[in-house]
4 protein chains.
Amino acid sequence: MDKRREVQSSVKDERLVEMRRNQMIRGAVSLFKQKGFHRTTTREIARASGFSIGTLYEYIRTKEDVLYLVCDRIYDEVRAQLNSMDLNGGTISDLSIGIAHYFKVVDAMQDEVLVMYQETKSLSKDALPYVLKKELEMVQMFETLIRQCVEKGELHIEEKQIHLLAQNIFVQGQMWGFRRWALHHTYTIEQYIERQTELLLIGIKGYKAAEKKGES
Amino acid sequence: MDKRREVQSSVKDERLVEMRRNQMIRGAVSLFKQKGFHRTTTREIARASGFSIGTLYEYIRTKEDVLYLVCDRIYDEVRAQLNSMDLNGGTISDLSIGIAHYFKVVDAMQDEVLVMYQETKSLSKDALPYVLKKELEMVQMFETLIRQCVEKGELHIEEKQIHLLAQNIFVQGQMWGFRRWALHHTYTIEQYIERQTELLLIGIKGYKAAEKKGES
Amino acid sequence: MDKRREVQSSVKDERLVEMRRNQMIRGAVSLFKQKGFHRTTTREIARASGFSIGTLYEYIRTKEDVLYLVCDRIYDEVRAQLNSMDLNGGTISDLSIGIAHYFKVVDAMQDEVLVMYQETKSLSKDALPYVLKKELEMVQMFETLIRQCVEKGELHIEEKQIHLLAQNIFVQGQMWGFRRWALHHTYTIEQYIERQTELLLIGIKGYKAAEKKGES
Amino acid sequence: MDKRREVQSSVKDERLVEMRRNQMIRGAVSLFKQKGFHRTTTREIARASGFSIGTLYEYIRTKEDVLYLVCDRIYDEVRAQLNSMDLNGGTISDLSIGIAHYFKVVDAMQDEVLVMYQETKSLSKDALPYVLKKELEMVQMFETLIRQCVEKGELHIEEKQIHLLAQNIFVQGQMWGFRRWALHHTYTIEQYIERQTELLLIGIKGYKAAEKKGES
DNA sequence: TATGAATGAGCTTTCATTCAT
DNA sequence: TATGAATGAAAGCTCATTCAT
C-alpha cells in the first residue's frame, strides 16, 4: 500500500539513515523555501544539514533524491496530520471541521506546503508518480468525508461533483500557502477558514453561515 | 496604469526590439513548458528564437529578463482575452458566462498558463511585483463582475466574500492547467466549466444547474 | 575508407576547430606522456593548450574525446610518415629500408608512440575500433612489403607467417618506445635498427648482415 | 637478491597479512583486468577481497600499494612458472621448449599478464624499479638459454644480439596477451608458438621448421 | 546590428583516506 | 583486529555572460 520509491544509501545502519535524512530534510526545506530547489546547491544542503558534502552523498545518490525525500516527507506529515482527525459522522459539521483542520495544518506547515507545492514539478518523471499518488490519497480523504455527507442526506450534490469539490478543498488549502501575498494581509487563518467554508457550503441545507459568523 | 518594468536593450530601433522579443517569447515559452526555466539554457532560447546568443543579449540583460518578458506577455494576453468580454449586466448569467470564458481562455492557453503559474515564483524580488500586479488586476475583473451581481441583488454574499470568491475563480481556472494529470482524464473542459460553475454558484437564487446541464 | 569517428564541437568554423584541436593535441600529448591520461586533468589540458576550460569544452564533449583525438592524430601522423616511403621493388633491401624507416619514425615520435601505446586501451568500447583499424592498416603495410618479397622469391616464408612477421615488426618498433628503460642505454636507434633487422632477416638468402654491418 | 619493497601494514601477525594480501590481490586482479587500475575504486577492491574498506587499509597504506602488490605477485608467479623448467642442455631444442613453455604460461595467465603489462606504468617512480628488476630477471633467463646455445655452437649470433633476442622473445610472449584482438582469432596458442618459434629460429642451422610442423 | 568564440565561476559528484567504535 | 561512517579535495563539466569582429 505504502509503496515508497527507495532512495539508495551506502550507509547500512537504518537508524542512522533515518536520523541523517531527517537532518537533511530539515535543512533542505529551509533552503528550498528561501531560494527554491534549483538555486540551492548540494553543498548548502550539506552545510544546513550539519554534515559535509561527502556525508550527504552517503545518504543519497543525486541532488534530486533530496527533493524527492523532502516532498515525500512533507506529504507524509500533512497526511499524518489529516489522518489524526477521526470524522465519520457524515454531518456537515464533520466536513467543516475537517476542512478547518486541514487549513490549520496547512497554515502550521506553510513553508513545507509551499515547497511541496512549488517544487514537486521539478521531480523527475521517475519520482513524480509516487508523490502524486500521495496527493491523490489526500484528496480522497475529502472525497470520503463529502460522500458520507451525501449518503446521510446532509449534502445534495451529485457523485460527479464530489471528486471536484474535494480537489477544490485541497487546492484552497494550498492557496493559503502559495498565495500568501494576496491573502495573508487580508485575512487571518481563522477568517480564511470561515469564509472559504461559507463559500463552499453556501446554500447547503443545514449550514448556517450567519450563525457561525456570529461566533467569530 | 500599465506601469511596466523596462527591460534594457542595446538596440535602439523599437520596432526591431518588439519583433525580436516576440520571437524570443515564443521560443522561450515552448522551452519553459517542456523543461522549466532553470533547465532551459540561454543558448537554447536563442536557437528557439531563431537568432544567435549574441543577438539574444542585445535585447535583454540577463536570463531572468526573458522570464520576466515571458510572464509579462502571458499575463497581458490572458488579460486581453478577458477584457474582450463585455459583461456589465450584473446578472448571474453574465457572471457564469464570464467564468466560462475565462476557463476556455485558460484551456486554449494551457501551456502559457502553466509556465506563468510555475515559473512566476522564479522571478527576482525586483520583477515579481510587476507581474503580481497584473494578476491582481485579473482577479479584480472577477470582483467587479461579482460585485455587480451583488449590487443588482442577484447574488447574496457579503462584501468580504467577494474578494475571496474572485480569487477562487481565478485559481480554479489555473487549476485546469496545473492539475491536468488529475482533471483532464476525468472531465472535458466543458464538463469542468459546468461542474465548477455549479459548485461556485450552488444555492444561489436564480441559478439553475439542472437547466444549464440540460443544454450541454 | 578513412571513416573517422566524429568528435562533436560546438564551434562551427572548421579552420578554427582544426587549429584549436592541434593546440589541444599538442598540449595533451605532452601531459599524457608525463602522467598518463588518468592523472591528467581537463584543466591541465586546457592550460597546456593555451585556452580556458570553457574553451576546451567548446571543441570536445568529454575528456575521453581528447584521448581519442590524440590517438587518432598520432596514428595518422605515423601512418603518413610510413606512406611517404615508396617501396615497391619487392627486394629484401626494400623491406629492410622500410623497417629502418619505420623505426626511425618511431624514434622521432617517441613520446607520441608511447602515449598511443599506453593509453589506447583507455579508450571506450565505442572509440577503440576506429583506432585499432588504423593500427591494422599500418601492419598491413608491412604485410604488403613482405608479400612482395615472397612473390619475387626473395623471401621464403609461408603465407601464414607473413601476418605474424608484420606484427612482430610493428611491435618491435613500438618496443623502442615503450621499453626505453631497457633499450636506450644499450643501443642507439641505428644499432637497434641494425640488430633487429638482422634478427628478423637472419638466414634469409641474399641478406648479408656482415656487409651491412660494415657500413655502419 | 629478492629485495622486495616493503608495503607497510598495521597488522602484526604475518600469517594474517599474507592471507589478507592474497585475498586482496585475487580481488584486485579480477577488477583491474576488467576496468584497469584507475577506474577501480578502493571500495571495490575491499568488497572483491571479502572485507571492509577499513580492513583494506590495515594492510596497505595507499591504493598504489595494491597495484604494487598485484604487479609484484604476478611477476613472481610468472617467474616461478618459468623457473620450474630446468633446461640446461644448451640445445636449440631446449631453447624452443623454453619459449613454448613461456608462451603457454602467458596464455594460462593471460589476465594477469595483461594487468601487469598495462598497469605497471601506473606505478610510482618509487615502486617501478622493483618491478622492472623482476622483469629484467625474466629476460635474463632467456638470455641464459640463448647463450648456452651459442656457447655450444648450436646458434650463431653475436653476444650483442643475445640481449635483444631475449627481449624479443619476452615481448612476443606478452604480445599474445596484449594483442589478443589481432591474434586470437587467427591463431591458437599452439599455432602461435609454432609460427613465432619458426620466425625466431628461421635459418638457424639445425632448426627444422618443416619437421616440427609435421608433428602438430 | 548580428555573430559566435571565449571565459571562468561554480555546479554536482566521486573517492582515497581516516578514525572512533 | 575489523568496521564503516565521515571527510573534503578535487574531478569533469556547464552555462550565463562578454566582446572582438
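Proteins get letters first, then strands, A, B, ... in listed order; numbering begins at 1 in each.
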Engineer: Would you please enumerate the stems DNA chain F participates in, each stem being three or more consecutive Watson-Crick or G-U wobble pairs with both distances under 3.5 Å?
Structural biologist: E:2-21 with F:2-21
Engineer: Rounded to whole angstrom units, what separation is found between the CZ atom of D/Arg39 and the P atom of E/dA16?
Structural biologist: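 Going from D/Arg39 (CZ) to E/dA16 (P), I get 14 Å.
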Engineer: What closest approach, in Å, do B/Glu58 and B/Ser9 show between heavy atoms, and which atom pair accounts for it?
Structural biologist: O-OG, 3.1 Å
Engineer: Between C1' on E/dA5 and CE on C/Met19, what's the gap in Å once rounded to a whole number?
Structural biologist: 11 Å
Engineer: With B/Tyr75 as reference, evaluate B/Glu112, B/Glu135, B/Lys133 under the side chain to side chain donor-acceptor pair (under 3.5 Å) test and give the passing residue.
Structural biologist: B/Glu135
Engineer: Going by heavy atoms in the side chains, are B/Lys12 and B/Val17 under 4.5 Å from each other?
Structural biologist: no
Engineer: Taking the nucleotide of DNA chain E with the nearest heavy atom to each, does C/Val11 or A/Ile60 sit closer to the 5' end?
Structural biologist: C/Val11
Engineer: Counting only side-chain nitrogens and oxygens, does C/Thr41 get under 4.0 Å of the OP1 or OP2 atom of F/dA11?
Structural biologist: no
Engineer: For D/Ser10 and C/Lys63, take the nucleotide of DNA chain F holding the closest heavy atom to each; which residue's nucleotide lies nearer the 5' end?
Structural biologist: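 Its nearest nucleotide being more 5', the pick is D/Ser10.
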Engineer: For D/Glu64 and A/Arg43, take the nucleotide of DNA chain E holding the closest heavy atom to each; which residue's nucleotide lies nearer the 5' end?
Structural biologist: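 So the residue in question is A/Arg43.
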Engineer: Salt bridge (Lys or Arg N to Asp or Glu O under 4.0 Å) for A/Lys35 and A/Glu44? Distances and angles first, verdict last.
Structural biologist: CA-CA 11 Å; A/Lys35 13 174 30 192; A/Glu44 287 171 325; 2.7 Å; yes
Engineer: So does A/Arg61 get a backbone contact from the side chain of A/Asp65, meaning a donor-acceptor N/O pair under 3.5 Å?
Structural biologist: yes
Engineer: Would you say A/Tyr59 reaches F/dA5's phosphate, i.e. side-chain N/O to OP1/OP2 under 4.0 Å?
Structural biologist: no
Engineer: Whole angstroms only, please: what is the CZ-P distance between A/Arg47 and F/dT7?
Structural biologist: 14 Å
Engineer: When you check the phosphate oxygens OP1 and OP2 of E/dC15, does a side-chain N or O of A/Tyr57 lie under 4.0 Å from one of them?
Structural biologist: no
Engineer: We want to know whether B/Ser49 and B/Gln23 form a side-chain donor-acceptor pair, criterion being a heavy-atom distance below 3.5 angstrom.
Structural biologist: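 No, B/Gln23 and B/Ser49 have no side-chain donor paired with an acceptor closer than 3.5 Å.
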Engineer: Reckon B/Ser9 touches a base, only the sugar-phosphate, or nothing at all at heavy-atom distances under 4.0 Å?
Structural biologist: nothing
Engineer: Using a 4.0 Å heavy-atom cut-off across all strands, classify C/Arg20 as base, sugar-phosphate, or nothing.
Structural biologist: sugar-phosphate
Engineer: Just compare F/dA5, E/dT7, F/dA2 and give me whichever is closest to any side-chain atom of C/Thr55.
Structural biologist: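 Among the listed nucleotides, the one closest to the side chain of C/Thr55 is E/dT7.
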Engineer: Using only side-chain N and O atoms of D/Thr42, determine if any of them is under 4.0 Å from OP1 or OP2 of E/dA16.
Structural biologist: yes
Engineer: Figure out the CG/P separation between A/Leu31 and E/dC11, and round it to whole Å.
Structural biologist: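 It works out to 13 Å between those atoms.
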Engineer: Nearest of E/dT7, E/dT13, F/dA6 to any side-chain atom of C/Ser52?
Structural biologist: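 Closest of the options to the side chain of C/Ser52: E/dT7.
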Engineer: Report the residue (D/Gly54 or A/Gly54) whose heavy-atom-nearest nucleotide on DNA chain F is the more 5′ of the two.
Structural biologist: D/Gly54
Engineer: Please report the distance, rounded to the nearest Å, between CZ in D/Phe51 and C1' in F/dG4.
Structural biologist: 14 Å
Engineer: Mind calculating the distance between CD (C/Glu44) and C1' (F/dC13) to the nearest angstrom?
Structural biologist: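 So the two atoms are 16 Å apart, to the nearest Å.
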Engineer: Round to the nearest Å and state the distance from B/Phe37 atom CZ to F/dC15 atom P.
Structural biologist: 13 Å
Engineer: Got a second to check how far A/Met24's CE is from A/Ile45's CD1, nearest 0.5 Å?
Structural biologist: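 With rounding to 0.5 Å, CE (A/Met24) is 8.5 Å from CD1 (A/Ile45).
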Engineer: Going by an N to O cut-off under 4.0 Å, is there a salt bridge joining C/Asp72 and C/Arg5?
Structural biologist: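 Between C/Arg5 and C/Asp72 there is no salt bridge, as every charged N stays at least 4.0 Å from the carboxylate O atoms.
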Engineer: Between atom CG in A/Asp13 and atom C1' in F/dA6, what is the gap in whole Å?
Structural biologist: 14 Å
Engineer: Taking the side chain of A/Ile53 as heavy atoms from C-beta outward, which of E/dT14, F/dT17, E/dA5 is closest to it?
Structural biologist: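 My answer, after comparing the listed nucleotides, is E/dT14.
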